[in-house]
Each structure stands twice: as C-alpha cells, then as structure tokens.
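To start, the structure itself, in structure tokens.
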Amino acid sequence: MPYLAENISLQALNTFRVPAYARWFTTINTENELHELYRDEHFQKDPLLILGGGSNMLFTRNFQGLAVRMNIQGITCKEDGDDVFVTAGGGVVWHDLVMYCVNNEFAGIENLSLIPGSVGASPIQNIGAYGVELMEVFHSCRAFDIETGSIKEFDNAACSFSYRDSIFKHELKGRYIITEVTYKLSRTFKPQLSYGAISEELKSRGILNPSIKDVSDVVSAIRVSKLPDPATIGNAGSFFKNPVVGSDQFRDIQSIFPDIVHYVIGNDAVKLAAGWLIEQCGWKGKIVGNTGTWKNQALVLVNHGNATGKEIFELSADIINSVQKTFGVSLEREVNII
Ligand code: FAD
Ligand code: EPU
C-alpha cells in the first residue's frame, strides 16, 4: 500500500511557488500502486487532486484531501514502417520525452520542446505551442477510473480535443488518472514552420534545411527569450486562453483598435491575442504587490517572491475586468484554480 504522508507543503511542487498544504499526500510509481491505493479509505472518501509537475495550477488555499503525485516512469517505442508509436509513463517529464524523440529522430513533438510538466497532463489541456497541438500526435492513453478502480483506454476521438481543451476538463473532469500516453510520431520529418519566429530564427542561424534538433533548439531559444523560467520566477505560463469572438464583434473592436492582433480561425470565429489585449490595458510588466505580469509577455502572471495564490488570483480578476471594460471581451483562465 503506498504511504500516505500528512500535512505536506506543496510550495516546491507548484511552479507558481505559492504556499499551500495537502492534508494527505502520496506518490504513485506504478499502476499497481494505484490499484492498492484504491482500497485506502482516504482515496475512497476524500477529495482527490492529481498532481503532475504543478505547472498549470494555482493554489489559492490548502487542499483538504488527498494529493496524488503521478510518478510512473518509462519510455518504450514500436516502429511500424514510417510510424513510430512512443509510449511514456504519466510521470515522465514532458521535455525529457521530447529530447528522447529528438535524439532518436522521431518527428512530431519538436515544436513542443521545453513545455514544463508531465506526460500524464499533456492531454488534459491538449498542450500546444509554435504551430503544433498535442492532438495532432496523440494516439491513445491508459487511465485509471477513480470511481470503479478499473483501467480504460482512450483513443484520440474519445478525448474530444480542441484548443487548450479535452474531455478531461469537462464531462470527465477529475474522474481519470492518466497513467500512460502513446504518441504517433514519424520517421519522416516535415518541419512545421508556420509560426513566423521559427523561420526567422532559423534564417538568422543560416539554417536552410533544418533537422528535428534544429527546430527543437530554435523553439527552445524563442521560449527562453519570452517566458520566465519557473526555477527563478514563479509562474504557470499563459494564465488565460486566447479568446475567440464572432466576426461582427471583431469588426466592432477592430474599428476602434485597428492594430489588434488576431487570427481568423473560421467563418465566424476570430482568435484574439490575450497578451496584446492585456498589454493595451497597461498591465505589461506591471508590479502589483508581490505579483505582476511578465515584462516580455503580459499573458504570464508571475510571483515576484512571496505572493500567495489568492493575491495572484485577485490580480487575474482585475485583469479580466479591465479587458472586459476596454474591449468587451471575456478572458477565460487557462490555469487550474485550486
Ligand atoms: P499539473 O499542473 O500538475 O496539472 C494540470 C492539470 O492536469 C490539473 O487539473 C491536474 O489535476 C491534471 N493532471 C495532471 N496530471 C494528471 C494525470 N496524470 N492524470 C489526470 N489528471 C492529471 N502549456 C501549453 O499548452 N503550451 C505552452 O507553451 C506552455 N508553456 C508554459 C510555459 C511555462 C513557463 C509554464 C510554467 C507552463 C506552460 N504551460 C504551457 C502550461 C503547462 O506546462 C502545461 O499545462 C502542462 O501540461 C502541465 O503539466 P503538469 O504535469 O505540470 O500538470
Ligand atoms: N503580444 C503582445 N503583448 C504581449 C504578449 C503578446 O502584443 O505582452 C502579442 C505578440 O506580439 C504576438 C501575439 O500577441 O503578436 C501572440 O503572442 P505569442 O506568440 O507570444 O503567443 P501567445 O498567443 O501569447 C500562445 C500560447 C502559449 C504558446 C505560444 C506559442 C495560449 C494561451 N498561449 O501564447 O502557451 O507557448 O502561443 O505558440 O494559447 C501556455 O499555454 O502556457 C503557453 C505559454
């Protein structure tokens, strides 16, 4: 039976580095340990919180239940012609998996280099960056049903992926613990260079025919230039999603703000850059007590040292109000609020 520790600090286990305690805490290293834990009274009765790398969470309070840290390791692969099926344990560090694939020349996730967090969390919000979303390479996952104690397999369609979203954030929120994910990668490399800064950076390095590693290196360099490193300044990446508005609303806003950064994504759908909206409201680089927004990316809220989760949450509420008032656009939090 996995050992349950009592009153454990989660400050080092969330990338915002805010203080919070879990009433009960355990680490899961194998699927078998999950089956054992299922028989524990705390697992049966208490609220559960599944923790990966804690890089997409904001603790605004202590967690009065059982926090289960996913630590199932291991990476295996199976080749079938040009396809490579790579399977990784839910506790594998995402960037370690990316490096494994880059080093073996398995193409498909190099644009997702340096995203913090774990393999098990990667389908939850369908992680995405620099022109690629997880749903493009996700094959299937194994997940432990906390209600029945059984294992279920989800294929790509069953996950209902969309921008920063999946079934695990809606109908099945909190129901499954993802223990393993299989990605369908390729031996054939077709560079995805749609995000302008990648081509520019490759050009400035004099690279005409990039390798998988070149793209990974360039993406990592761009990320480092824009985003704060959670090892030195607490944050959880983008705090809000980029909002989507209808064409009529977009035209109204654009008539007042002609420079608005936007991407047409459908007949009646325009995605707006939340970072731009927040910057226009005067928040970029602003310091508010112990909190603030990042100087190079207004979409990233940061902990300047001793912030509590509540303070960061309050800052996010002020930003939502201000963007609503200026543009009539509602920002939705991307980060999971506990
Ligand atoms: P956690 O924060 O631990 O958990 C996130 C959610 O998933 C919680 O609801 C948790 O309960 C649930 N969960 C975690 N593991 C499991 C599991 N095994 N089974 C079931 N539920 C689980 N995200 C992007 O998409 N693109 C980016 O470019 C990006 N850049 C970032 C940059 C920085 C500097 C930071 C700090 C974060 C960034 N993020 C980005 C957000 C974050 O990295 C991702 O959301 C990541 O997938 C979170 O992984 P995690 O293991 O830390 O999840
Ligand atoms: N912008 C501003 N001011 C800012 C920030 C951005 O004007 O302070 C403008 C930029 O100039 C650019 C546009 O907004 O024209 C978009 O900015 P950027 O390319 O930095 O990307 P983003 O839309 O802000 C999204 C993801 C990131 C991901 C990057 C790269 C969301 C919510 N965020 O950010 O994901 O890394 O694209 O693909 O979709 C995360 O989810 O945590 C995350 C970091």
Side-chain angles (χ1 to χ4, degrees), residues 10 13-17 28 34 48-59 67-72 89-95 111-134 141-144 146 163-164 166 168-169 172-181 194-198 219 222-231 233-243 259-263 271-280 283-285 293-302 331-338:
L10 302 174
L13 299 177
N14 74 89
T15 61
F16 258 124
R17 304 280 178 255
I28 290 298
L34 262 182
L48 296 177
L49 173 68
I50 314 308
L51 254 181
S55 64
N56 204 27
M57 291 191 177
L58 178 66
F59 288 96
V68 178
R69 185 154 171 269
M70 167 51 59
N71 190 39
I72 299 177
V92 170
V93 170
W94 172 259
H95 185 65
N111 290 50
L112 304 179
S113 294
L114 223 58
I115 296 181
S118 60
V119 160
S122 65
I124 304 287
Q125 74 156 5
N126 175 28
I127 56 171
Y130 302 96
V132 173
E133 284 187 308
L134 186 89
C141 67
R142 274 173 78 81
F144 182 88
I146 66 167
Y163 167 62
R164 292 295 189 277
S166 76
F168 303 110
K169 293 187 80 173
L172 301 184
K173 191 173 165 63
R175 169 91 186 253
Y176 286 94
I177 302 175
I178 296 174
T179 57
E180 191 177 276
V181 183
S194 62
Y195 187 94
I198 300 183
V219 165
I222 297 169
R223 293 185 69 93
V224 168
S225 73
K226 284 191 183 183
L227 298 166
D229 178 358
I233 183 149
N235 77 92
S238 301
F239 199 89
F240 306 99
K241 292 185 191 180
N242 284 326
D259 298 334
I260 186 165
V261 178
H262 66 282
Y263 321 90
K271 193 185 265 186
L272 307 178
W276 186 88
L277 299 173
I278 297 168
E279 179 174 353
Q280 297 306 304
W283 290 102
K284 190 168 183 173
T293 69
W294 186 235
K295 57 182 186 326
N296 300 333
Q297 223 316 349
L299 191 46
V300 178
L301 305 198
V302 296
L331 289 184
E332 189 189 332
R333 293 180 181 89
E334 185 210 87
V335 169
N336 299 280
I337 309 297
I338 311 294

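Computed from a predicted model, the values in this text were never measured in an experiment. Remember, it's 1-based here, ligands and their atoms both numbered in the order they're listed.
Every atom of ligand 2 with a heavy atom of Gly237 under 4.0 Å away is listed here by number and element: 42 (O). Atom numbering of ligand 2 starts at 1 in the shown order; those under 4.0 Å from a heavy atom of Phe240 are 32 (C). Atoms of ligand 2 lying under 4.0 Å from any heavy atom of Leu299, numbered from 1 in the order shown and given with element: 24 (O). Listed by atom number, the atoms of ligand 2 under 4.0 Å from Arg223 heavy atoms are 36 (O). For ligand 2, the atoms lying closer than 4.0 Å to a non-hydrogen atom of Lys284 are 3 (N), 4 (C), 8 (O). Ligand 2 places these atoms under 4.0 Å from at least one heavy atom of Asn242: 23 (O), 31 (C), 32 (C), 39 (O). Within the listing of ligand 2, atoms 13 (C), 16 (C) sit less than 4.0 angstrom from a heavy atom of Tyr263. Close approach to Ala273 involves these atoms of ligand 2, each under 4.0 Å from a residue heavy atom: 13 (C), 14 (O).
For the pair Phe240 and Glu334, the minimum side-chain heavy-atom distance is 4.5 Å or more. For the pair His95/Pro116, no side-chain contact is recorded, criterion being any heavy-atom separation below 4.5 Å from C-beta on. Inter-residue side-chain proximity for Leu112 and Ser122 is flagged as unmet; no heavy-atom pair is nearer than 4.5 Å. The shortest side-chain heavy-atom distance between Met57 and Leu51 falls under the 4.5 Å cut-off. A heavy-atom distance below 4.5 Å is found between the side chains of Phe168 and Cys141. Side chains of Leu114 and Val224 form a contact here, defined as non-hydrogen atoms less than 4.5 Å apart. Within the 4.5 Å cutoff, side-chain heavy atoms of Ile198 are placed close to those of Asn111. The closest side-chain heavy-atom distance from Phe239 to Ile278 is not below 4.5 Å.
Nearest-heavy-atom check against atom 15 (O) of ligand 2 across Val261, Val132, Leu112, Ile198 picks out Val261. Looking at Trp276, Tyr163, Trp283 and measuring to atom 31 (C) of ligand 2, the nearest heavy atom belongs to Tyr163. Closest heavy-atom approach to atom 6 (C) of ligand 2 within the set Glu332, Arg164, Gln297: this belongs to Gln297. For atom 2 (C) of ligand 2, the nearest non-hydrogen atom from the set Gln125, Glu279, Lys271 belongs to Glu279.
Looking at atom 38 (O) of ligand 2, its nearest protein heavy atom turns out to be Tyr130 N, 2.7 Å. Nearest protein heavy-atom contact of atom 40 (C) of ligand 2 is Ser238 OG, 3.2 Å. Among protein heavy atoms, atom 41 (O) of ligand 2 sits closest to Glu334 OE2, 2.7 Å. Here the heavy atom of the protein found nearest to atom 8 (O) of ligand 2 is Ala298 N, 2.8 Å.
To the nearest 0.5 angstrom, Leu34 atom CG is 5.5 Å from Ile72 atom CD1. Atom CD1 of Ile177 is separated from atom CZ of Arg142 by 13.5 Å, given to the nearest 0.5 angstrom. Expressed to the nearest 0.5 Å, how far NZ of Lys173 lies from OG of Ser166 amounts to 10.0 Å. Leu331 contributes atom CG, which lies 12.0 Å from atom NZ of Lys241 (distance to the nearest 0.5 angstrom). For the atom pair Arg69 CZ and Ile50 CD1, the distance stands at 12.5 Å (nearest 0.5 Å). The distance from atom NE2 of His262 to atom CH2 of Trp276, rounded to the nearest 0.5 Å, is 10.5 Å.
For the pair Asn336 and Lys169, the tightest heavy-atom approach, listed with the atom from each and the gap, is OD1-CE, 4.4 Å.
Considering only residues two or more places apart in sequence or on other chains, Leu227 meets the side chain to side chain contact (heavy atoms under 4.5 Å, CB included) condition with Arg223, Gln297, Val300.
The closest approach between a heavy atom of Trp294 and any atom of ligand 2 is not below 4.0 Å.
The presence of a protein heavy atom under 4.0 Å from atom 20 (O) of ligand 2 is confirmed. Counting only heavy atoms, the protein never gets under 4.0 Å from atom 10 (C) of ligand 2. Under the 4.0 Å distance rule, the nearest protein heavy atom to atom 29 (C) of ligand 2 falls outside the cut-off.
Contact residues of ligand 1 (protein heavy atom closer than 4.0 angstrom to a ligand atom; sorted by chain and number): Thr15, Ile50, Leu51, Gly52, Gly53, Gly54, Ser55, Asn56, Met57, Met70, Ile115, Pro116, Gly117, Ser118, Gly120, Ala121, Ile124, Gln125, Ile127, Gly128, Ala129, Arg164, Tyr176, Ile177, Ile178, Arg223, Pro228, Pro230, Asn235, Ala236, Gly237, Asn336.
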